[in-house]
Structure formats: C-alpha cells, structure tokens
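For reference, the structure discussed in these notes is given below.
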Amino acid sequence: MNSRIKLSARSALCGAYGKILPLFCAGFAVFTIFSLCNGVLNRFFAGDGLVLAAVAAVTLPVFVAVISPVRLALQVKHLFLARGTRYGVKPQIGFDGGLKACDLSVRLFAVKAFWFLFFEAIPVCLWFVLLFQIRITDVSVNAAFTVTAGLSLLGIAGFIFWLIFIQRYSKAMFFLACYKDFTPGDALRESVRKTKGNVTDIFLFKLGFLPWFLLCLLVLPAFYVVPYYKQSVTCFFLRR
C-alpha cells in the first residue's frame, strides 16, 4: 500500500515541480534568513539574555506570519496535485486563509510543546533529583554514569512516544487546506478524530523517509526530497 502511495505521489509531481518549487524556495529562503539572523544575534549578544528575548519576541511573530501562509499554500497545491488537478486552477488562500494558517501554527506549536513537556517530565525531574543528590552527598562515578544512562534511555523513549503521539495533529493543516470553512480549532479536532487508531501507521510511513532526509544534509537534495515527502504524505492522508 505504501509503495503505491509513493508511486502516486511521484506521478502527481511529474511535470509539476514548477508549481511547487517557487513556494518551497520562498519558505526555504525565509527559514534560512531567520536562522542566519538569529545566529548572528546569538553571537554578538550571547551574554545579554534580555536583548535576545526582545529580538525573539519581535522576530518569531514575523516568522510565523510569513511562513504559515506559505505552508498552507503549499498544502493546497499538493492537495490539488494529489486529486489530479494540474492546470487551469490557481489555489488562493486569501488573507483570511493566511490568518487561519498563522493561528493553526501557533496552536500546533503550543499543543506539541505541552505534550513534549508531558512525555519528558519524568526523566527531567529525575535528572534534577540526581543533580541535587550529587550536590548534597557523595555519589560514585559508576552509580552516576548508570543512572545518567538510564535517564537518557528514558528520555529517548519519551521522545519517540511523543513523536508517535503528536501524529494525531498531523492532519490539521491538511484539513485546513481541504475545507475553507474550517476554523483552526475545527482542523485540530478533525485531525484528532480522523487519526484515532492510526498514529503509529502515520509515524511509520513518515519514518520511511528518514534515509531521504539524511540526503538533505547536502542541502540541494532537499529541493526534491521535501516536495516528494509532502506530496506522499498528502496522498497518504487522502487514502486514509
């Protein structure tokens, strides 16, 4: 089944990269500029947390306001291609769609951050207990190493369970692209409802692209891999 989905994604993208790449390049450029600016600021104001916090408070909303509509527009284009609509239709998300995309991006960040803290709460709390115990009493190196290794494994397990769990929100942007009358809250609720019992399948499908994403370390392959991945996920969602 998954191989047929990926084949249909390649077929949908065949001859249509020109419709995807401009928006993808725009999003990539915004992300790159934002990352470079943050890197420069972190270097020159490394010791001034107040300045960095003030800059983040200004730049993060701007980044979300720019990148979220681009993400939604890309999702709409991938949806059209998956449905076989190639020519004669220009997807328009409009100002209202852009606002919804920004709202949804903020909600997704908040809910994913909450569940990340939830899944990592136990290893983090135990780590602080270990540090406190080391400060007040003598702890052998072997014992400290063993406990640290155990907490690291527990943290990795929590991270994996978090990655699987948050797939319940993975269809939110997809539904926002599918239904113009949906609010961000509607998209989130529908995503949770439609992914019930399927989060592991979604996670494993996405995990199959891990070797492809390793190629993105070379940067240039990303211009093929990311659109192919997004198209494959869209085709997967249409069939599930």
If two hydrophobic side chains count as joined below 4.5 Å and joins carry through other members, does F28 share a cluster with L21?
yes

Could you measure the distance from the CG atom of N2 to the CG atom of L7? Nearest 0.5 Å is fine.
12.5 Å

Under 3.5 Å donor-acceptor pairs involving side-chain atoms of residues 206-230, not counting sequence neighbours:
unit_1: K206; atom_1: NZ; unit_2: Q167; atom_2: OE1; d: 2.9
unit_1: Y228; atom_1: OH; unit_2: R10; atom_2: NH1; d: 2.7

Student check: side-chain heavy atoms of T234 and L81 closer than 4.5 Å:
no

Could you list who else is in F95's hydrophobic cluster, with ILVMFWY side chains joined at under 4.5 Å, directly or through other members?
L99

On a heavy-atom basis, the closest approach of A65 and C102 is CA-SG, 3.6 Å

Do the side chains of L72 and L104 get nearer than 4.5 Å, heavy atoms only?
no

Determine the interplanar angle of the F114 and F118 rings, folded into 0 to 90°, and report it as parallel if under 30°, tilted if 30 to 60°, perpendicular if over 60°.
parallel

Could you tell me which residues satisfy ring-ring contact (aromatic ring centres under 6.0 Å, His included) with F159, sequence neighbours excluded, listed by chain and number?
W162

I'd like to know if L163 and F109 are part of one continuous hydrophobic network [Ile/Leu/Val/Met/Phe/Trp/Tyr, side-chain heavy atoms within less than 4.5 Å].
no

Run the side-chain contact (heavy atoms from CB on, under 4.5 Å) test on V30 and V70 for me, step by step, so that the C-alpha distance in whole Å, both residues' side-chain angles and the decisive distance to 0.1 Å come before the verdict.
CA-CA 10 Å; V30 170; V70 173; 6.0 Å; no

Just how far is it from atom NE2 of H78 to atom CZ of F24, taken to the nearest 0.5 Å?
9.0 Å

Restricting to pairs with a member in residues 161-186, which pass salt bridge (charged side-chain N to carboxylate O under 4.0 Å, His left out), not counting sequence neighbours?
D186-R189

Note, E190 side chain near Y179 side chain (heavy atom, < 4.5 Å):
no

Using side-chain heavy atoms (C-beta onward) and a distance below 4.5 Å, is L79 in contact with F174?
yes

With sequence neighbours excluded, tell me which residues meet side-chain hydrogen bond (donor to acceptor under 3.5 Å, both in side chains) with S232.
none

What's in the same ILVMFWY side-chain cluster as V64, cut-off under 4.5 Å, chained through other members?
V106

So, taking the atom named CD in Q75 and the one named SG in C178, what distance separates them when rounded to the nearest 0.5 Å?
7.5 Å

Which pairs, with at least one residue in residues 60-70 and sequence neighbours excluded, count as a side-chain hydrogen bond (donor to acceptor under 3.5 Å, both in side chains)?
S68-S105

Tell me, with the steps shown, if T32 and L36 meet side-chain contact (heavy atoms from CB on, under 4.5 Å).
CA-CA 6 Å; T32 302; L36 289 175; 4.0 Å; yes

Heavy-atom distance under 4.5 Å between the side chains of T195 and Y169, does that happen here?
no

Taking the six-membered ring for Trp, are the ring centroids of F205 and F236 within less than 6.0 Å of each other?
yes

Which value, rounded to the nearest 0.5 Å, describes the distance between F237 atom CZ and N198 atom CG?
10.5 Å

If you look only at pairs with a residue in residues 106-125, which of them pass as a salt bridge (charged side-chain N to carboxylate O under 4.0 Å, His left out), with sequence neighbours excluded?
D103-R107

Do I166 and I160 share a hydrophobic cluster (ILVMFWY, side-chain heavy atoms under 4.5 Å, transitive)?
yes

Sorted by chain and residue number, the side chain to side chain contact (heavy atoms under 4.5 Å, CB included) partners of T200 (sequence neighbours excluded) come out as I164, L204

If you look only at distance, which donor and acceptor atoms sit under 3.5 Å apart when one is on a side chain in residues 143-152 and the other is two or more places apart or in another chain?
unit_1: T146; atom_1: OG1; unit_2: N142; atom_2: O; d: 2.8
unit_1: T148; atom_1: OG1; unit_2: A144; atom_2: O; d: 2.7
unit_1: S152; atom_1: OG; unit_2: T148; atom_2: O; d: 2.8

Contacts of L153 meeting side chain to side chain contact (heavy atoms under 4.5 Å, CB included) (sequence neighbours excluded), chain-then-number -> none

Does any part of the side chain of I5, heavy atoms only, come nearer than 4.5 Å to the side chain of L238, both counted from C-beta?
no

Taking only residues two or more places apart in sequence or in another chain, which ones pass ring-ring contact (aromatic ring centres under 6.0 Å, His included) with F203?
none

